[in-house]
Number of protein chains: 2
Amino acid sequence: MSREKLSKQPTILDVAARAGVSKSLVSLVMRDPDRVGESSRATVLAAAVELGYRPNAVARSLVQRRTNVIGVIVADLHNPFFADVADGIEDAAFQSGYRAMLSSGFLDPKRERGAIETMLELRVDGLVMLGSMMQVAKIERFAASLPVTVVGRHTRSTVVDSIGVDNSAGAQEAVDHLVALGHTRIAHIHAGTAGGSPRRRRGYEKAMRRHGLEDHIRLVKGAFTEAGGTTAMNEILESGDVPTAVFAPNDVAAIGAMEAIDAAGLAIPGDISLVGYDNLALAALRRIDLTTVGQPRVDLGRKAVGLVLERLDEGRERARHVVIPPHLVVRSTTGPP
Amino acid sequence: MSREKLSKQPTILDVAARAGVSKSLVSLVMRDPDRVGESSRATVLAAAVELGYRPNAVARSLVQRRTNVIGVIVADLHNPFFADVADGIEDAAFQSGYRAMLSSGFLDPKRERGAIETMLELRVDGLVMLGSMMQVAKIERFAASLPVTVVGRHTRSTVVDSIGVDNSAGAQEAVDHLVALGHTRIAHIHAGTAGGSPRRRRGYEKAMRRHGLEDHIRLVKGAFTEAGGTTAMNEILESGDVPTAVFAPNDVAAIGAMEAIDAAGLAIPGDISLVGYDNLALAALRRIDLTTVGQPRVDLGRKAVGLVLERLDEGRERARHVVIPPHLVVRSTTGPP
DNA sequence: ATACCGAATTGGAACGTTCCAAGCTAGTCT
DNA sequence: AGACTAGCTTGGAACGTTCCAATTCGGTAT
């Protein structure tokens, strides 16, 4: 259990000694080789290679007071939606000379808090939160010390930036589609306060009312997970009052619901039409072929980083809340009742 | 584009000044409150809260020469297999007082090299590589400076630890199962040199020979991705010589192959039996219900961290190569020819 | 020769911690 | 009362960089 210091690696001083120059020159060679004389540059570079020198980002970060790292808190690594967004984040960060470091929040608030705390202690330059369930007030508390962008959730915050798709509009599109097919008894599985669930729920309710179906509004609590979808769907199936269509809070939950419907021996869309949300690659599989609401995921990630960088490199102070429109993708899990 | 220093946060000195004690005492309170007198502890803690002090891990890491961070390079965030392993990694790291930081390799060698380089500059204490395609020799080059564990690939390295399932045994189980069902024309889609593909291929070949089916050995190059599976399967379908069973290199590729078979109007397992590898949650879905080879994924991640910690905290020097046995999970994509 | 210039190079002070040896202060023992 | 002890507390030196003002050096213009 000894936790002694780790093996020593060569420092800038070792390189300097070997090359017979000052540490400052070595530092300069590493950062901006053009500002150094031809011959000393070659000597320094050679010495660095011989010693296997690798710059110590920890020391650099300390003096520069910046790490060039953008932290990403991912609620659930298993959700392919986040994986796509994370791709966009990593890509955009890299393009701008930053590095993205991910940490999973495990869908557990305590764990998430810990992950965030670690990121803050590591002094990441900015933070992107993917699918966080944390209260905005709590986020705002640390958002004072670094740029924070929340992805997939709307906030009215004047401190925290946010970016997401118009969840209400997407949900309404889903309901409109079902109504157009002739459905009236449309239930909605929601995921509580998680991610964009509240907005989707409101969109569902709004559309239902708009179609004069307020009496058919039916909300069942589930989650953004497969298990959550299955549980909620089973609850619906066992209620004895089975609707002709179900709108799930996301694709993963829809798949869980699909499982439950399959297991009950009912047909999709024959007995129940099903709509998801996210348009994951998964949803496009021929075997799944889920009608769903699509969101530009990678782009979402890129723009999230953009928001962080606007504060970091351009000095923006006021919060921005970006909303991207979603689009309905009709597949074979929806049909006439 | 100004990249000035970021906003200043309170330091240990600010806290010390406010509490009217020395910086050393503050430091001590943060690290080991019990070794400090009752009253000064309270004063310091109060001052820290008032100022919103948060320890600077960068400075701590610099002097301690350790970061308490374990870096994880994930080849592909979209592969649920890696997500499970990553869960195990994060969990085990956390239990032992370390933090896991992920970075995606994008399935792109150049990108992966960059991600690793960043981790090394950040001076992570250990590195876990998930699904890396990097040559072992290259890995060994930096494994001298920190403990590295490769997950999912076998190496004979004396420097790098590795952990994985017995891919050859798993592949043989798959072939044995197909042969027992009566298949003889069994093709194998492989993923080149990626991850555990070579071993799985060798297991396939070995089992085929063992059953006297060496003449039916048929290898088609694909990849560990859905697209890779689809492409390879299409190649098989278009060859005119369609086997009665296909063994895919992993579940994701198997799903891709499934897509292609579905699209061709053929039945599974009526026309073609299909076996995957990994036993993802995906494979258990009723709509997919893929026969596959299972691996204890979360456990794999936990043990991977264990290997790193053995070196870090217990001083192990010799490389260890852990192999975990896989198990066949029979579902409905396999049947008699 | 002298003064001056720009480019190349340098030394020292930071950055925010931890570590360590040494100092202080009560209290205890003789 | 004096010596000693144990528990707290402290200042200064690291850690490996970057930053900045200052220095050196060869050349050029006067």
Side-chain angles (χ1 to χ4, degrees), chain A residues 2-45 47-48 51-68 120-123 125 145, chain B residues 2-45 47-48 51-68 120-123 125 145:
Chain A
S2 64
R3 197 168 274 201
E4 69 268 19
K5 285 159 192 170
L6 302 175
S7 69
K8 192 177 162 93
Q9 291 188 236
T11 76
I12 212 174
L13 283 172
D14 300 319
V15 177
R18 174 138 198 155
V21 298
S22 74
K23 61 176 179 22
S24 303
L25 224 210
V26 177
S27 173
L28 206 52
V29 171
M30 294 300 157
R31 287 174 292 141
D32 189 357
D34 297 333
R35 224 185 296 169
V36 177
E38 173 79 33
S39 69
S40 33
R41 186 196 322 157
T43 325
V44 168
L45 252 20
L51 293 175
Y53 170 74
R54 184 171 353 254
N56 185 328
V58 175
R60 184 195 319 138
S61 298
L62 182 60
V63 45
Q64 293 197 142
R65 302 247 211 63
R66 49 167 36 259
T67 52
N68 288 305
L120 296 179
E121 293 189 2
L122 252 27
R123 294 295 194 269
D125 293 344
S145 60
Chain B
S2 65
R3 195 168 275 198
E4 68 267 19
K5 286 159 189 167
L6 304 174
S7 70
K8 191 175 164 96
Q9 292 187 235
T11 76
I12 211 173
L13 283 173
D14 299 319
V15 177
R18 173 140 200 156
V21 299
S22 74
K23 63 178 179 21
S24 303
L25 225 212
V26 177
S27 172
L28 205 53
V29 171
M30 294 301 158
R31 285 173 294 141
D32 189 356
D34 297 334
R35 225 186 294 169
V36 177
E38 174 78 33
S39 69
S40 32
R41 186 193 326 157
T43 325
V44 168
L45 253 19
L51 294 175
Y53 170 73
R54 182 169 359 250
N56 185 327
V58 174
R60 185 197 316 139
S61 297
L62 182 61
V63 46
Q64 292 196 142
R65 300 245 212 64
R66 48 165 39 257
T67 51
N68 289 304
L120 297 178
E121 294 188 1
L122 252 25
R123 294 295 194 269
D125 293 346
S145 60

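Every chain is numbered from 1, with letters handed out A, B, ... down the list of sequences. Note that the structure is predicted; figures quoted are calculated from it, not measured.
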Student check: side-chain heavy atoms of B/Val44 and B/Val21 closer than 4.5 Å: yes

For A/Leu120, does its backbone N or O pair with a side-chain atom of A/Arg123 as donor and acceptor, under 3.5 Å? yes

Do A/Ser27 side-chain atoms and A/Lys23 backbone N/O form a donor-acceptor pair below 3.5 Å? no

Quick one: is [N] close enough that its OP1 or OP2 comes under 4.0 Å of any side-chain N or O from [X]?
| X | N | answer |
| --- | --- | --- |
| B/Arg60 | C/dC19 | no |
| B/Arg123 | D/dG16 | no |
| A/Gln64 | D/dT17 | no |

Minimum heavy-atom separation for [X] and [Y], please, with both atom names.
| X | Y | value |
| --- | --- | --- |
| B/Leu51 | B/Arg18 | CD2-NH1, 3.6 Å |
| A/Asn56 | A/Val58 | OD1-N, 2.8 Å |
| A/Leu122 | B/Ala57 | CD1-CB, 3.5 Å |
| B/Ser40 | B/Val36 | OG-CG1, 3.8 Å |

Separation of [X] atom [atom1] from [N] atom [atom2], in whole Å?
| X | N | atom1 | atom2 | answer |
| --- | --- | --- | --- | --- |
| B/Leu122 | D/dG16 | CG | P | 16 Å |
| A/Met30 | D/dT18 | CE | C1' | 14 Å |
| B/Glu121 | D/dC15 | CD | P | 20 Å |
| A/Leu13 | D/dC15 | CG | P | 9 Å |
| A/Ile12 | C/dA14 | CD1 | P | 19 Å |
| B/Arg66 | D/dA14 | CZ | P | 22 Å |
| A/Asn68 | D/dT18 | CG | C1' | 13 Å |
| B/Asn56 | C/dC15 | CG | C1' | 9 Å |

Can you figure out which of D/dG16, C/dG16, D/dT18 approaches the side chain of B/Ala59 most closely?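 Comparing D/dG16, C/dG16, D/dT18 against the side chain of B/Ala59, the answer is C/dG16.
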
B/Leu62 or B/Asp34, whichever maps to the more 5' nucleotide of DNA chain D: B/Asp34

Within the sub-3.5 Å range, which N or O atoms of nucleotides 9-11 of chain C have a protein N or O partner, and how far apart are they?
from	atom 1	to	atom 2	distance (Å)
C/dT9	OP1	A/Ser40	OG	2.7
C/dT9	OP2	A/Gly37	N	2.9
C/dT9	OP2	A/Ser40	OG	3.0
C/dT10	OP2	A/Ser22	N	3.0
C/dT10	OP2	A/Ser22	OG	3.1
C/dG11	N7	A/Ser24	OG	3.0
C/dG11	O6	A/Ser24	OG	2.6

